[in-house]
Student: 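Sharing a structure with you now.
Note that these values count all heavy atoms, side chains included, but never hydrogens, waters or copies made by symmetry. Model, not experiment: these values are computed from the prediction. Below, chain A is the first sequence line, B the second, and so on; all start at residue 1.
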Protein chains: 2
Amino acid sequence: MADVSSKKATIYDLSVLSGASASTVSAVLNGSWRKRRISEETANKILSLAKAERYTANLQARGLRSSKSGLVGLLVPVYENRFFSSMAQAFEAEARKRGLSPMVVSGRRDPEAERRTVETLIAYSIDALFIAGVANPDGVHQVCAGAALPHVNLDLPGKLASSVISDNRRGAEVLTGAILQHAARGANLSPEDVVLFGGHDDHASLERIAGFHAAKNAYFGQECSVEDVEKTGYSPRMTELVLEQFFERNGQLPRCFFINSSINFEGLLRFMGRHDEETVANIVVGCFDYDPFGSFLPFPVYMIKPDVQKMLEVGFELLEAAPTEPLVTIIEPRLIPPRTALAGPLDDISELSVSS
Amino acid sequence: MADVSSKKATIYDLSVLSGASASTVSAVLNGSWRKRRISEETANKILSLAKAERYTANLQARGLRSSKSGLVGLLVPVYENRFFSSMAQAFEAEARKRGLSPMVVSGRRDPEAERRTVETLIAYSIDALFIAGVANPDGVHQVCAGAALPHVNLDLPGKLASSVISDNRRGAEVLTGAILQHAARGANLSPEDVVLFGGHDDHASLERIAGFHAAKNAYFGQECSVEDVEKTGYSPRMTELVLEQFFERNGQLPRCFFINSSINFEGLLRFMGRHDEETVANIVVGCFDYDPFGSFLPFPVYMIKPDVQKMLEVGFELLEAAPTEPLVTIIEPRLIPPRTALAGPLDDISELSVSS
DNA sequence: TTGAAAGCGCTAACAA
DNA sequence: TTGTTAGCGCTTTCAA
């Protein structure tokens, strides 16, 4: 019977109980016993003993000794956002699938915080790091390089390590095409009716802007030289501000919005909160990010859903392959038409019994 | 100058370089040197050496030796949800404020997964665990007890440890009152116009149902004995199913919805995706959870926002106080009127420079 | 004011 | 097929 004494059992306890040496116990318990040619008999004895004693390995000790902790990190800017939280969800699943333990941390787009949290992860000897959405990629890369930490960039490209990114250009093109087509059903459009809000000078934004312009040029059959991009960074507050300014300047909102991310979309929500429903009654929105609630707002919202699951699969493969040259893999995102609520992680589980 | 050799510096490296012993270096580097009466001079020498060598402590080794890892866990069902992701955000902030490292894991409301992930956390010698939203609290509690792991229940009460929960009853009462008042502006209501969807037999659901009924009884001035609760568990799919059944049975949706959580709300979204906009044109919704996008849907949505920040502050205090008897602390949530987009974590950061 | 030495729980040569 | 031994990097008595 299991000893109920609070202290956790160690391989030494099992060594004494089983009569085998600590190293034999160790080998049995970490699975390397076949290779170490330990008899099935002793293995079984130790295994059942371990179960009886509720043995679980001390992963800090194992990590210290073997200099690999089994921890993998994911750095996101924030959790409170459908894109990054779904990324965290996929990351956790993918990590566990590989017997690794996920550690998700948030850098809050603050270069200081980003560096510090990554340094902390390194202090815990994480084996690898996935980097998604940082304010200062160079700073983080530098820290990784200094610690010789394998890492993969997610959703943003990097020079020092492999990257998995969405097809921002093509996604933006498709998204822009969709809102143009939708809006054109009602009335004639001119180039200044179609404006992009959000983004900055990062790679993703620039690609999306390029795709946005490509689609507009194709639609209008000309090089549109109007000012149709309002950069706001990844800040809801700034997006709201810029929208207010636009509204004041023009007396109305543009007919078609391309919104660079759900974070910027929250800026539009704030604008909506300060104006009546008429103000947004006729707009058509395309957002480069997916949020099920965003999909049902009182105007048509087309969304682009990056394939985070795929991105993480590829990311882990890249990590394992450890190519000599940094590789960039581009993953196709998916256009989500208005009024679409996709299934999520909670759909995979067994339903609870239902009473009325 | 710092050695660029990839291997990380250890206290022994600094010991050699400084001429002091490893134990002295250790004491200086972990801050216990004043107490150990080490001279300011040697301390400073070692400190500057450490900086030059870019020394960072190996936290696995420290943890192994001192049998406290500095890791705190948070178990949530899923990330992809505004409530739990804001909880993760607050948890991380609160943990770092205390010099601890957060590890957030998702149990996917799967009793097996919940146990396993908690066991893994324990294997990494986490110092404490916060438990929020599990399918099988008993299983998890048992694992914690077996490892003598201090833990705090969040958003659900538990017998074995202290709990911090929302005032579900009062919140539900306020929320129900708000939707009743709103809906009454248009037409006369009868008890069967006001229906609760979601939840199960867990404490939170039961309290919310009680608050819901209290508010209805107060409004209608009578004990309403109508069947006005449709339990669906915390499953979008099941919620959708039950809504479809309701719709088929009655030829229309109820006028007023009380939705037990944003997870159930996603079930309503799916229903909406399968029906035209007319079907939901006149409903009034109250949701026990806050989501900024949910707040702007094409019908009035009142929401209750649990005060996760406060819940976590209290949670950590409870952990530190370690009361002999489990304590239950109730935190007031906040009613959010329709069309409200609150500020979030990204608003605290410095804005990027903005170009047009 | 500092150092020597033991050991946290585990892994991995190397012997036997 | 198994055991012995020497650490991984750190903390912590205990002595000096």
Student: For the helix from C/dT1-D/dA16 to C/dA16-D/dT1, what angle separates the axis at the start from the axis at the finish, each from five pairs, in steps of 10°?
Tutor: 40°

Student: Keeping the roles fixed (side chain from B/H151, backbone from B/L149), state whether a donor-acceptor pair exists under 3.5 Å.
Tutor: yes

Student: The side chain of A/R65 is closest to which nucleotide in this list: D/dT2, D/dC10, C/dA12?
Tutor: C/dA12

Student: Considering only heavy atoms, which members of residues 39-50 of chain B lie under 4.0 Å from some atom of DNA chain D?
Tutor: none

Student: Side chain of B/S66 only, heavy atoms from C-beta on: which candidate in D/dG9, D/dT12, C/dG9 is closest?
Tutor: D/dT12

Student: Is a salt bridge present between B/R96 and B/E92, judged by a nitrogen-to-oxygen distance below 4.0 Å?
Tutor: yes

Student: Any donor-acceptor pair under 3.5 Å between the side chain of B/R62 and the base of D/dG9?
Tutor: no

Student: Round to a whole Å and report the spacing from CZ of B/R36 to P of D/dC10.
Tutor: 15 Å

Student: How long is the line joining CZ of A/R37 and C1' of D/dT2, in whole Å?
Tutor: 12 Å

Student: So, B/K8 versus B/T56: side-chain donor-acceptor pair below 3.5 Å or not?
Tutor: yes

Student: In residues 19-35 of chain B, which residues come under 4.0 Å of DNA chain D by heavy atom?
Tutor: B/S23, B/S26, B/N30

Student: Going by atom types only, do B/S85 and B/E80 share a side-chain donor-acceptor pair under 3.5 Å?
Tutor: no

Student: Going by an N to O cut-off under 4.0 Å, is there a salt bridge joining B/R109 and B/E114?
Tutor: no

Student: With the threshold set at 4.0 Å, does a side-chain nitrogen-carboxylate oxygen contact exist between A/E112 and A/R116?
Tutor: yes

Student: What about A/Y12, does its side chain sit under 3.5 Å from the base of C/dC10 through a donor-acceptor pair?
Tutor: yes

Student: Keeping A/S39 on the side-chain end and A/T42 on the backbone end, is there a donor-acceptor pair under 3.5 Å?
Tutor: yes

